[in-house]
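Taking it in order: structure first as structure tokens, then the write-up.
Numbers here simply count residues along the sequence, with the first being 1. In each ligand, atom 1 is the first atom listed, and ligand 1 is the first ligand listed.
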Amino acid sequence: MSSNTAKVDVVLGLQWGDEGKGKIVDVLARKYNIIARFQGGPNAGHSIQSEGRSFVLHSVPSGIFREGTDNIIGGGVVLDPIIFQKECSELEKLGVPVRERIRISKKAHLITPTHRIIDAASEASKGKSKIGSTLKGIGPTYMDKTGRNGLRVGDILASDFQARFEALKKKHIAFLKQFDYTYDPDTDVEAWMAAVDYLRTFDLVDGEYYINDRLKSGCSVLAEGAQGSMLDVDFGSYPFVTSSTTTCSGACLGLGVAPSSIGNVYGIFKAYCTRVGSGPFPTELFDGTGEELRRQGHEFGATTGRPRRTGWLDMVALKYAVMLNGVTGLIMMKADVMDTFDTIKVAEGYIVDGKRQDSVPFDTYAEVIPVYREFKGWKCDLSKIRDERDLPAEFKEYIAYIEKETGVPITVISLGPDRAETIFRE
Ligand code: IMO
Ligand code: MG
């Protein structure tokens, strides 16, 4: 590699998603030439708020509002043309030149209408053990990818694309026979085809060549993770996970860059925890405090509108995610939500089967009792603070504890949704 080859920095969620990736990527974007999504799809909901404007991105990278920033949808992503078109049309209405700013890897897989139907049928069949999928067709699309049946973005340029689409639809109809599920196989097909026509007007690229060429010429890249480490298909609370690699190695897979190209890894976490959908959540609160976190933190899904489950910070899970991702800098979100709390708790260990352990158990269904450490609340309005030196002592103690436990510095503290409500500690 030549000495001026740039690195890919990665920013990703360390918990169960919804850590605030949209805001942080938007804030960091000015330092990068390229922002790239590497996995996931429209199950993501990345909220950006600036200058009184609020926007939720599902497929488009969060660098879209920055002039001169290139946004890449990498090959590891699954793309629903209908959702993409809708999102881009809304951005265009705001005057964002989407075709100028977005490139899409030909290797990204397409979510078809029947993928969404399979997602719904499969969830309905699971009854109580349902995953709580966003029903965007994510799982079935990744299944077709690894099952070697999938359709890719580059395929839309082929003359027999229509026939390939019909062939996949036929397979899906056969697959759906196992479920006791009523559906119309033609749902959204017309709109989907129209959205594919729209997709053809974009710059479809060989993403791996595109990004490596740009790196060689010194362009800096920020890879934007979706979901969170605890939803990773390999390392999350399986089977209550999403279907992609949400951890750092997913950036290599989804963009086609070598592990040695990875530079800084920024891990985003909330000062407490949330989760949407089913699955283990050891520190979950079912009391007034949990309700307070949800109310003050506006913890309702950006993609599905579902109320999020809430709980205390889980240090066992956080340290696990730091380990898996090789996090070099932590970014802490939303501590301001706990401004009025007298006491703040953090789980620093678990009791499983009557024994203390400091690791995430293999058994997803194991009963886990958290062992808490208590902190005194800071009881003041953090959101107004712009200078680190003005932070209250109790809050400083909380962040010092997290840094000591994880062994990683907290480089950014976000204390509100706006770009301005951010403290940089580097
Ligand atoms: P962002 O990028 C939070 C959850 C779903 C469900 C599980 C599987 O906004 O942080 P899927 O639709 O992927 O098959 O659902 O994963 N989930 C998310 N939770 N934030 C997300 O994305 C999520 N994307 C998926 O709720 O439990
Ligand atoms: Mg979200």
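- Remark: Lys86 NZ is loosely packed, at most 12 non-hydrogen atoms of other residues, nucleotides or ligands lying under 6.0 Å away.
- Between Gly228 and ligand 1 there is no heavy-atom distance shorter than 4.0 Å.
- Under the 4.0 angstrom criterion for non-hydrogen atoms, His46 is in contact with ligand 1.
- At least one N or O atom of Asn43 sits closer than 3.5 Å to an N or O atom of ligand 1.
- Within the 3.5 Å criterion, the main-chain N or O of Leu330 finds a donor-acceptor partner in the side chain of Thr411.
- Ionic pairing of Glu405 and Lys319 is present here: one or more N-O contacts between side-chain nitrogen and carboxylate oxygen are shorter than 4.0 angstrom.
- Taking a 4.0 Å cut-off on heavy atoms, Gly45 registers as neighbouring ligand 1.
- For the residue pair Glu299/Tyr272, the side-chain donor-acceptor check at 3.5 Å is satisfied.
- Surrounding CG of Asp180 are at most 12 heavy atoms belonging to other residues, nucleotides or ligands under 6.0 Å away.
- The closest approach between any non-hydrogen atom of Arg275 and ligand 1 is not below 4.0 Å.
- Heavy atoms of Trp16 found under 4.0 angstrom from ligand 1 belong exclusively to the backbone.
- Ring geometry, Trp312 versus Phe341: the interplanar angle exceeds 60°, so the pair is classed perpendicular (tilted spans 30 to 60°).
- Contact between Lys21 and ligand 1 is present, with at least one heavy atom of the residue lying under 4.0 Å from the ligand.
- Between Gly132 and ligand 1, a contact under 3.5 Å exists for at least one N or O pair.
- When only modelled atom types and interatomic distance are considered, Ser59 and Asp80 share no side-chain donor-acceptor pair under 3.5 Å.
- Heavy atoms from other residues, nucleotides or ligands lying under 6.0 Å from CG of Asp186 number more than 12.
- Regarding atom 23 (C) of ligand 1, its nearest protein heavy-atom neighbour is Gln227 CG, 3.6 Å.
- Closest to atom 19 (N) of ligand 1, if we only count protein heavy atoms, is Val276 CG2, 3.3 Å.
- At a 4.0 Å heavy-atom cut-off, ligand 1 touches Arg306 through the side chain alone.
- Contact record, Glu19 with Leu14: OE2-N, 3.5 Å, taken as the closest heavy-atom pair.
- The closest approach between Val241 and ligand 1 falls below 4.0 Å for a heavy atom of the residue.
- A salt bridge is absent between Glu421 and Lys23; no separation between the charged side-chain nitrogens and carboxylate oxygens falls under 4.0 Å.
- Relative to atom 17 (N) of ligand 1, the option among Leu231, Thr274, Thr242, Leu135 with the closest non-hydrogen atom is Leu231.
- Both the backbone and the side chain of Asp18 come within 4.0 Å of ligand 1, counting heavy atoms alone.
- Residue contacts with ligand 1: Thr134 is placed with a nitrogen or oxygen under 3.5 Å of a nitrogen or oxygen of the ligand (distance criterion only).
- Residue Ser278 places no N or O, backbone or side chain, under 3.5 Å from any N or O of ligand 1.
- Within Asp18, the N/O/S atom positioned nearest the Mg ion (ligand 2) carries the name OD1.
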